[in-house]
Student: 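Structure below; questions to follow.
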Amino acid sequence: MSIQEATRPMVLAQHRTQSTFEEIPIIDIHAALSTDEAVRRALADEIRDACINVGFFYVKNHGISCEVISRAVAAARRFFQLPLDEKATLDIHKSSNFKGYTALLGENTNPENRGDLHEGFDIGWEDISGASRTDDGAMTGQNVWPENLPGFREAVLEYYHSAVKLGKALFPLFALALDLPENFFDDKTTKPAAIMRLLYYPPQTVPIDDRVEGIGAHTDYECFTILWQDQVQALQVLNNDGKWIDAVPIPGTLVVNLGDQLARWTNDVFKSTTHRAVNRSGVERYSIPLFFGTDYDVKLEALPSCVSPDSPAKYEVITAGEYVKSRLEATYAHSKA
């Protein structure tokens with residue numbers, strides 16, 4: 001260990017910031033798996049700065065091929081073009097663990113709004129062989145799939161596992177950014193709690209209703225989100241001045257944003273930043289977020305380095321699964337029959 005590394009501040013509580021931002025940084029993560037510790041540390045420092053000050057960043061050289069992405073997007077288009085009655089057979093309310101289809105206005109992420117103007121299809125972990133997990137606590141349950149859409153499951157799971165692989169590569173960097181051992185998250189992500197959504201935003205051609213947005217203002221529930229978005233501008237991020245900053249689509253990049261689990265772990269040193277999607281473009285939009293959390297039985301408890309006498313722990317201890325399920329129940333409560 002170098003002298004510089006040995007003297008790095010281990011108490012992060014004082015690093016909480018209320019500084020504002022006007023743009024979202026772009027970080028090249030090609031060195032994430034470098035064998036040079038100094039190179040990984042430098043990359044982690046970039047991520048640390050983005051996590052403390054913005055809570056969002058783009059990643060390039062992320063390792064997910066254009067072909068894998070294209071197949072998943074094509075599969076999403078085919079699914080959302082199905083008749084409504086076919087999609088409704090997979091209604092998410094029929095699932096105990098929030099998997100399946102969400103209709104227009106079927107969820108409401110901002111309680112002040114009337115509903116979210118998008119359709120969605122949600123899946124969780126599943127091996128390509130068809131194996132699912134039976135030990136996910138509050139979120140235990142299987143995926144559901146359309147019966148008459150050949151190749152859909154395969155294309156969606158191909159992208160899912162590519163994004164999960166990327167997420168696993170990011171966790172050691174988040175650990176380094178928190179001055180923790182790189183393997184800190186290893187025993188907390190043995191059963192990755194990764195939920196992925198296919199999202200379709202129809203053109204909003206009716207008169208504008210400010211209480212209907214693509215997805216209302218919210219924070220994400222897990223540790224972080226890996227988002228593919230098409231070239232239609234819709235995603236916006238709220239800075240500390242109350243200004244919405246456009247997360248402009250940049251070819252070849254994915255968007256990474258922090259979620260509530262990392263914010264709770266870091267006692268809000270790392271930001272879980274409010275964001276929304278507003279599609280007023282007049283054309284349809286697609287996106288694919290993967291929400292990557294810890295194993296559902298892991299307790300979310302403030303890290304010692306993020307707590308001090310002046311910054312005591314802000315949140316009650318809860319398991320990741322209980323937290324995610326409680327947030328999902330609130331999101332879908334308004335449309336539950």
Side-chain angles (χ1 to χ4, degrees), residues 1-17 25 27-55 57 59 61-63 125 163-194 220 222-226 256-272 290-309 311-315 317-321 323-324:
M1 178 181 294
S2 68
I3 294 175
Q4 180 181 5
E5 288 171 326
T7 57
R8 287 178 63 90
M10 296 302 290
V11 177
L12 299 176
Q14 68 268 28
H15 289 275
R16 187 179 293 103
T17 178
I27 300 177
D28 188 334
I29 61 168
H30 76 280
L33 301 179
S34 171
T35 57
D36 187 332
E37 184 178 353
V39 171
R40 299 195 306 275
R41 166 62 71 181
L43 176 55
D45 285 347
E46 287 189 72
I47 291 174
R48 180 183 187 175
D49 183 70
C51 291
I52 290 175
N53 294 300
V54 185
F57 53 95
V59 292
N61 291 318
H62 47 73
W125 189 92
V164 166
K165 181 179 178 181
L166 171 59
K168 288 183 175 180
L170 290 175
F171 266 114
L173 296 171
F174 283 119
L176 277 178
L178 289 164
D179 288 316
L180 296 167
E182 287 180 87
N183 64 356
F184 175 80
F185 291 105
D186 286 2
D187 64 349
K188 301 166 184 65
T189 53
T190 61
K191 305 183 294 291
D220 289 345
E222 291 80 2
C223 285
F224 56 87
T225 303
I226 299 170
V256 174
N257 66 276
L258 303 191
D260 297 345
Q261 289 183 18
L262 264 182
R264 292 173 77 100
W265 242 331
T266 64
N267 208 31
D268 284 340
V269 174
F270 281 10
K271 291 179 177 294
S272 180
L290 181 129
F291 307 96
F292 207 128
T294 64
D295 298 353
Y296 285 127
D297 60 355
V298 171
K299 291 183 178 180
L300 304 175
E301 187 170 9
L303 296 166
S305 61
C306 297
V307 176
S308 71
S311 300
K314 300 170 65 174
Y315 302 104
V317 178
I318 189 174
T319 68
Y323 181 74
V324 170

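The first residue of the sequence shown is numbered 1, and numbering continues consecutively from there.
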Student: Quick check for you: to the nearest 0.5 Å, what is the distance between Arg48 atom CZ and Asn53 atom CG?
Tutor: 10.5 Å
Student: Could you tell me the separation between the CG atom of Leu43 and the CG atom of Asp45, rounded to the nearest 0.5 Å?
Tutor: 9.0 Å
Student: Atom CZ in Phe292, atom CG in Leu166: separation rounded to 0.5 Å?
Tutor: 9.0 Å
Student: Give, for atom NZ of Lys165 and atom CG of Leu170, the distance between the pair rounded to the nearest 0.5 Å.
Tutor: 13.0 Å
Student: Above 12 or not: heavy atoms from other molecules or residues under 6.0 Å from CD of Glu301?
Tutor: no
Student: Quick check: do Cys223 and Phe291 have side-chain heavy atoms less than 4.5 Å from each other?
Tutor: no
Student: Please name all residues satisfying side chain to side chain contact (heavy atoms under 4.5 Å, CB included) with Asn61, sequence neighbours left out, ordered by chain then number.
Tutor: Asp28, His30
Student: Does the Ser311 side chain pair with the main chain of Val307, one donor and one acceptor, at a distance under 3.5 Å?
Tutor: no
Student: State, without any angle test, whether Tyr315 and Asn267 hold a side-chain donor-acceptor pair at a distance under 3.5 Å.
Tutor: no
Student: Decide yes or no on side chain to side chain donor-acceptor pair (under 3.5 Å) for Thr225 and Asp220, but give the supporting numbers first.
Tutor: CA-CA 7 Å; Thr225 303; Asp220 289 345; 2.6 Å; yes
Student: Please tell me if the side chains of Lys191 and Tyr296 come closer than 4.5 Å, counting only heavy atoms from C-beta onward.
Tutor: no
Student: Measuring from atom CD1 of Ile47 to atom CD1 of Ile29, what distance do you get when rounded to the nearest 0.5 angstrom?
Tutor: 7.0 Å
Student: What are the two closest heavy atoms between Ala302 and Ala313, and how far apart are they?
Tutor: CB-CB, 4.1 Å
Student: Restricting to non-hydrogen atoms, name the atom on Gly293 and the atom on Thr189 that form the minimum distance, rounded to 0.1 Å.
Tutor: O-CG2, 4.4 Å
Student: Testing the basics here: between Leu258 and Leu262, what is the closest heavy-atom pair and its distance to 0.1 Å?
Tutor: CD2-CD1, 4.0 Å
Student: Below 4.5 Å, heavy atoms only, C-beta onward: do Phe57 and Cys51 meet side chain to side chain?
Tutor: yes
Student: Just grab all the salt bridge (Lys or Arg N to Asp or Glu O under 4.0 Å) pairs involving residues 257-267, residues at least two apart or on different chains.
Tutor: Asp260-Arg327
Student: Nearest 0.5 angstrom please: Ile318 CD1 to Leu300 CG, how far?
Tutor: 7.5 Å
Student: Side chains of Leu303 and Leu180, heavy atoms from C-beta outward: is any pair under 4.5 Å?
Tutor: yes
Student: What I want to find out is whether Arg41 reaches Asp36 closely enough, with some N-O distance under 4.0 Å, to be called a salt bridge.
Tutor: no
Student: Quick one: list whatever passes salt bridge (Lys or Arg N to Asp or Glu O under 4.0 Å) with Glu182, sequence neighbours left out.
Tutor: Arg40
Student: Would you check if Val298 and Asp187 make a side-chain contact, meaning some heavy-atom pair closer than 4.5 Å?
Tutor: no
Student: Hey, is the main chain of Thr294 close enough, under 3.5 Å, to the side chain of Gln261 for a donor-acceptor pair?
Tutor: yes
Student: Check for a donor-acceptor pair, side chain of Lys188 on one end and backbone N or O of Phe184 on the other, with a separation under 3.5 Å.
Tutor: yes
Student: With a 4.5 Å heavy-atom cut-off, do Asp295 and Thr190 have their side chains touching?
Tutor: yes
Student: Counting C-beta onward and ignoring hydrogens, is there a side-chain heavy-atom pair between Cys306 and Phe270 closer than 4.5 Å?
Tutor: no
Student: If every non-hydrogen atom of Val317 is compared with every non-hydrogen atom of Lys299, which pair is closest and at what distance?
Tutor: CG1-CB, 3.9 Å
Student: Using the ring centroid of each side chain, check whether Phe185 and Trp265 are separated by less than 6.0 Å.
Tutor: yes
Student: Could you pull out the closest heavy-atom pair between Pro172 and Ala169, with the gap in Å?
Tutor: CD-O, 3.4 Å
Student: Are the side chains of Phe224 and Asn257 in contact, using a 4.5 Å heavy-atom criterion?
Tutor: no
Student: Could you report the tightest heavy-atom contact between Ala44 and Ala177, atom names first, then the distance?
Tutor: O-CB, 3.6 Å
